[in-house]
Amino acid sequence: MKRFLTLEKYLAENNFLQEAADFHLKLEKDLSEVKPLDLPPREKILDLVKAEKIPLLQQEKFQTQILDAAEKFLSDIPRRLMESLLRQENLSVKKICAESELNETLTRKRFWTAIDKLVPAELKNLEREDWQENYCPICGRRPVMAQLKKFNDGRARWLSCGGCHTLWNWKRLGCPYCGNENLERIHILEADAKIRLDVCDECHAYLKTYCDEDEENIYLNDWTTLHLDLLAEEKNLHKCGAVELE
């Protein structure tokens, strides 16, 4: 309920977003019966992921389990297409969508919304000692956003997955896409009190960074700041990690 109340507040302030909001709310309604999977305890899952350095849903056992569950709610999406979506085989996804006459963007969004709901909440917030890679420990996607949170006397950076909505603590400086750590080749393009664009001059990618503590708002602040995406596009920068843009 908190998510929808927050969304209503956004719409009151930004009524031009109503069409996009209607789409998100319809997805939530259509998949409202999807419940989290019954998985092993968090500690066991994290030990397994750290030991293998393979994201949970890229491991065959759990991949099969989550696809079996998703299939019950997405029966119109071919199993082989869901397999390609989960493995992020983008050329295969495009081909199967075309063959099946499915809208690729809508299919991607529906699939990852279901995956988000199937992943238990206790797996979606990882500390630095749990995971130190630049890709999501649960599904393997690249981050779509970052969030700065208070930590000791400063702030720590958390990366945010656009697919399963996992947050994981990552180093404060550096590009999470190409690994560039030369601060002379990283700059802020646009900033206000709550959100900014961190730009890498090496790979020409940008990362929206949310500068507030409220985790409920981080994903809302992605699609409600489309003007920043347009600004970045005008400067020939590209966005990574968004399920709709692959």
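Below, each value reflects all heavy atoms present in this structure, side chains not excepted, and no hydrogens, waters or symmetry copies.
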Exercise. Looking at I77 and T107, what are the two nearest heavy atoms and their distance?
Worked result: CD1-CG2, 3.8 Å
Seminar exercise, completed: For residues 65-112, the ring pair (Phe, Tyr, Trp, His ring centres under 6.0 Å) pairs (sequence neighbours left out) are none
Exercise. Does the K124 side chain pair with the main chain of C164, one donor and one acceptor, at a distance under 3.5 Å?
Worked result: yes
Exercise. Is there a donor-acceptor contact under 3.5 Å linking the side chains of D201 and H187?
Worked result: yes
For this session: Step through the shown structure and confirm whether more than 12 heavy atoms of other residues, nucleotides or ligands are within 6.0 Å of CD on E33.
Result: no
For this session: Look up atom NZ in K117 and atom NE2 in H165, then write down how far apart they are to the nearest 0.5 Å.
Result: 10.5 Å
Exercise. Is there a donor-acceptor pair closer than 3.5 Å between any side-chain N or O of D130 and the backbone N or O of E127?
Worked result: yes
Seminar exercise, completed: Value for SG (C178) from CG (N134), rounded to nearest 0.5 Å, stands at 9.5 Å
For this session: Run through I188, L189, L207, I186 and flag the one making a side chain to side chain contact (heavy atoms under 4.5 Å, CB included) with V199.
Result: L189
For this session: Could you tell me whether the side chain of K208 and the main chain of K239 form a donor-acceptor pair under 3.5 Å?
Result: no
Exercise. So, does R142 use its side chain to make a donor-acceptor pair with the main chain of G241 at under 3.5 Å?
Worked result: no
Which pairs of donor and acceptor atoms, one on a side chain in residues 95-106, lie under 3.5 Å apart (sequence neighbours left out)?
residue: E99; atom: OE1; partner: R80; partner atom: NH2; Å: 3.0
residue: S100; atom: OG; partner: I96; partner atom: O; Å: 2.9
residue: N103; atom: OD1; partner: T105; partner atom: N; Å: 3.1
residue: N103; atom: OD1; partner: L106; partner atom: N; Å: 2.8
residue: E104; atom: OE2; partner: K94; partner atom: NZ; Å: 3.3
residue: E104; atom: OE2; partner: R108; partner atom: NE; Å: 3.0
residue: E104; atom: OE2; partner: R108; partner atom: NH2; Å: 3.1

Exercise. If you round to the nearest 0.5 Å, how far is OG1 of T225 from CG of L230?
Worked result: 10.0 Å
Problem set entry | Main-chain N/O of I138 paired with W168 side-chain donor or acceptor, under 3.5 Å | no
Exercise. Which residue pairs pass the salt bridge (Lys or Arg N to Asp or Glu O under 4.0 Å) test when at least one of the two sits in residues 172-187, sequence neighbours left out?
Worked result: K171-E181, R185-E202
For this session: For residues Y135 and G140, report the shortest heavy-atom separation together with the two atoms involved.
Result: CB-O, 3.7 Å
For this session: Check whether any side-chain N or O of S75 sits under 3.5 Å from a backbone N or O of K72 as a donor-acceptor pair, and report yes or no.
Result: no
Exercise. Quick one: CG on L118 to NZ on K35, what's the gap to the nearest 0.5 Å?
Worked result: 11.0 Å
For this session: Please answer whether the main-chain N or O of L67 pairs with a side-chain N or O of E83 as donor and acceptor at a distance below 3.5 Å.
Result: no
Exercise. Around atom CD of E122, are there more than 12 heavy atoms of other residues, nucleotides or ligands at under 6.0 Å?
Worked result: yes
Problem set entry | Least distance between heavy atoms, R79 atom then T64 atom | NH2-O, 3.9 Å
Exercise. Does one hydrophobic cluster hold both V49 and I54, with members joined at side-chain heavy-atom distances below 4.5 Å?
Worked result: no
Problem set entry | Atom of T166, atom of C136 and distance for their closest heavy-atom approach | CB-SG, 3.8 Å
Exercise. Side chains of Y206 and D229: do they bring a donor and an acceptor to under 3.5 Å?
Worked result: yes
Exercise. Can you tell me how far the CG atom of L237 sits from the NE2 atom of H204, to the nearest 0.5 Å?
Worked result: 8.0 Å
For this session: Could you tell me which non-hydrogen atom of D222 sits nearest to which non-hydrogen atom of M145, and how far apart they are?
Result: CB-SD, 3.3 Å
Exercise. A114 and V34: which non-hydrogen atoms are nearest, and at how many Å?
Worked result: O-CG1, 4.0 Å
Exercise. Going through the checks in order, is the side-chain contact (heavy atoms from CB on, under 4.5 Å) test met by V119 and L39?
Worked result: CA-CA 9 Å; V119 174; L39 295 175; 5.9 Å; no
Problem set entry | From S92 atom OG to L85 atom CG, the distance as rounded to the nearest 0.5 Å | 8.5 Å
Seminar exercise, completed: Those residues at least two apart in sequence (or on a different chain) that pass salt bridge (Lys or Arg N to Asp or Glu O under 4.0 Å) with D76 are R110
Problem set entry | Same cluster (ILVMFWY, side-chain, under 4.5 Å), I115 and L167 | no
For this session: Return each pair, listed once, that meets salt bridge (Lys or Arg N to Asp or Glu O under 4.0 Å) where at least one residue sits in residues 154-170; pairs must be two or more places apart or across chains.
Result: none
Problem set entry | Sequence neighbours excluded, every pair satisfying side-chain hydrogen bond (donor to acceptor under 3.5 Å, both in side chains) that has a member inside residues 51-60 | Q58-Q63
Exercise. Would Y177 and L197 show up in the same hydrophobic cluster when neighbours are defined by side-chain heavy atoms closer than 4.5 Å?
Worked result: no
